[in-house]
Amino acid sequence: MDSLDLQVLTEARRWFAAGRRVWLVTVLETWGSAPRPPGALLALRDDGRVVGSVSGGCVEDDLIDRVRHGERVTTPSLVNYGVSKEEAARFGLPCGGNLRLLQEPLSSAAWIDEVLARTERHELVARRLDLASGSVTLEPASRGETFSFDGRTLRALFGPRWRLVIIGAGQLSRVLAHMALALDFEVICCDPREEYHLSWDLPGSRFSTAMPDDLVAELRLDPHSALVALTHDPKLDDLALLEALKSPAFYVGALGSRGNTARRKERLALFDLSPAEIDRLHGPIGLHLGARTPAEIAVAILAEVIAVRHGVDLAQKKTGSVSVPATTMQA
């Protein structure tokens, strides 16, 4: 899931607590070129307000009209759109696209409280809905599982926001943090050097003055976490990398040339890391885009992070190292 689902649940809980009637609408199945994937979530309020999305907009408009005209679904109910080409065109679906939705009344927000609390702890949780009874149960989930619906039971996954840990608080780090926040990452920057942490004032991010390896150990990096080391100081970068490469973090990278990366791997091999763990290190960091400015380098780094997150083959990745201007050498 993505953080939009957490926003949907948060708003649905707020509406419910205020005494409003609320329905959750989930994409169950799609055929053809449907705009939103199975599991996509929307919350609908009794006055027609919505948060989230299940299509390009026209399906949402129809759901809103139904509620505004007095429709009140009291049990989990299936809704189909785009059965014919005419209806697909009417609801703004791509040619031949069909959607099957589940609309359910929110009768309790207790399960939402638990989902939000568990995802805040960076847990992955599955919500199981029995359509016949409307009962909801929560259970642990593991990375790699997907949304499922068998006609009787819906099982949807809710996970934490993707997290980016940045070691170093220089110019490149600041630009990277800005971009990562725009991509809805939870951003944590770590730099114990006074001359850097005193100038960090980026709203929406968290800053730590701890030693990087201590912070990484404390965070317990999980498969929703990425770490990039950008200080050029082995005392800071290498210590953080030692901890991160032993974790299940989906991405670990460090700034530097091919020569610096080779020397870094030689240093890491002196510690309790296996060859496979060392091979997880992305370096030189970022896709080869010919990047030179801090902003361009940040784009290259985030492009690689996103590609790895989505399992994209990086065989085309680099034909040369990322060029690092002098202005970013302390990033």
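Ring geometry for F250 versus W162: interplanar angle over 60°, hence perpendicular rather than tilted (30 to 60°).
Atom CZ of R280 sits about 9.5 Å away from atom OG of S274, to the nearest 0.5 Å. Interatomic distance, OG1 of T293 versus CG of L172, reported as 9.5 Å (0.5 Å rounding). Considering CD1 of I167 and CG of L236, their distance stands at 8.5 Å, rounded to 0.5 Å. Within the model, atoms CZ of R66 and CD of E71 stand 5.0 Å from one another, a figure rounded to the nearest 0.5 Å. Atoms CG and CG, from L227 and D237 in turn, are 9.0 Å apart once rounded to the nearest 0.5 Å. For the atom pair CG of L219 and SG of C190, the computed distance is 8.5 Å after rounding to the nearest 0.5 Å.
There is no side-chain donor-acceptor pair under 3.5 Å between T137 and R128. In the model, S205 has a side-chain atom that pairs as donor or acceptor with a side-chain atom of W200 under 3.5 Å.
Between I285 and E304 the shortest side-chain heavy-atom distance falls below 4.5 Å. Within the 4.5 Å cutoff, side-chain heavy atoms of P38 are placed close to those of T30. Considering only heavy atoms from C-beta on, W15 stays 4.5 Å or farther from L106 through its side chain. By the 4.5 Å heavy-atom criterion applied to side chains, I188 and L164 are not counted as neighbours. The shortest distance between side-chain heavy atoms of P234 and R264 does not fall below 4.5 Å. Under the 4.5 Å side-chain criterion, counting only non-hydrogen atoms from C-beta, V305 is in contact with F185. Within the 4.5 Å cutoff, the side chain of V8 has no heavy atoms near those of the L42 side chain. Looking at V59 and V79, their side chains never come closer than 4.5 Å, going by heavy atoms from C-beta outward.
Nearest heavy-atom pair, P105 versus P76, reported as atom, atom and distance to 0.1 Å: CD-N, 4.0 Å. Between L314 and A307, the closest heavy-atom pair is CD2-CB, 3.7 Å. The two residues G134 and L129 have their closest heavy-atom pair at O-CD1, 3.6 Å. What you find for G168 and R193 is that their closest heavy atoms are CA-NH2, 4.3 Å. Closest non-hydrogen pair, S257 versus P284, comes out as C-CG, 3.9 Å. Between M211 and P192, the shortest heavy-atom contact is SD-CG, 3.9 Å.
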side-chain contact (heavy atoms from CB on, under 4.5 Å) between F158 and L9, intermediate numbers included: CA-CA 10 Å; F158 296 92; L9 293 183; 3.5 Å; yes
Derivation and outcome, side-chain contact (heavy atoms from CB on, under 4.5 Å), residues V27 and L101: CA-CA 5 Å; V27 176; L101 308 177; 3.8 Å; yes
side-chain contact (heavy atoms from CB on, under 4.5 Å) between L131 and R152, intermediate numbers included: CA-CA 6 Å; L131 268 64; R152 300 179 301 275; 5.8 Å; no
D222 vs S225, side-chain contact (heavy atoms from CB on, under 4.5 Å): CA-CA, chis, key distance, verdict: CA-CA 5 Å; D222 61 12; S225 301; 2.7 Å; yes
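Heavy atoms from other residues, nucleotides or ligands lying under 6.0 Å from CZ of R220 number 12 at most. For H69, the NE2 atom sits in a loose shell: 12 or fewer heavy atoms of surrounding residues, nucleotides or ligands are nearer than 6.0 Å. Environment of CD in E139: crowded, with over 12 heavy atoms of neighbouring residues, nucleotides or ligands closer than 6.0 Å. For CZ of R121, the number of neighbouring non-hydrogen atoms (other residues, nucleotides, ligands) closer than 6.0 Å is greater than 12.
Under the side-chain hydrogen bond (donor to acceptor under 3.5 Å, both in side chains) criterion, T146 pairs with no residue, sequence neighbours left out. A search for ring pair (Phe, Tyr, Trp, His ring centres under 6.0 Å) contacts involving F16 returns nothing, not counting sequence neighbours. Residues passing the side-chain hydrogen bond (donor to acceptor under 3.5 Å, both in side chains) test with D130, sequence neighbours excluded: S133. Every residue meeting the side-chain hydrogen bond (donor to acceptor under 3.5 Å, both in side chains) condition with R45, not counting sequence neighbours, appears here in chain and number order: D47. Partners of F147 according to the ring pair (Phe, Tyr, Trp, His ring centres under 6.0 Å) rule, which considers only residues two or more places apart in sequence or in another chain, do not exist here.
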Can you give the donor-acceptor pairs under 3.5 Å from side chains of residues 240-247 to other protein atoms, not counting sequence neighbours?
residue : atom : partner : partner atom : Å
S247    : OG   : A244    : O            : 2.6
S247    : OG   : A249    : N            : 3.1

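Of the candidates L24, V22, T75, E104 forms a side chain to side chain contact (heavy atoms under 4.5 Å, CB included) with just one, namely L24. None of R14, Q7, R13 except one satisfies the side-chain hydrogen bond (donor to acceptor under 3.5 Å, both in side chains) rule with E11; the exception is R14.
D213 places no side-chain N or O within 3.5 Å of a backbone atom of L239 that could act as its donor or acceptor partner.
Between R174 and D201 there is a salt bridge, since at least one side-chain N of the basic residue sits less than 4.0 Å from a carboxylate O of the acidic one.
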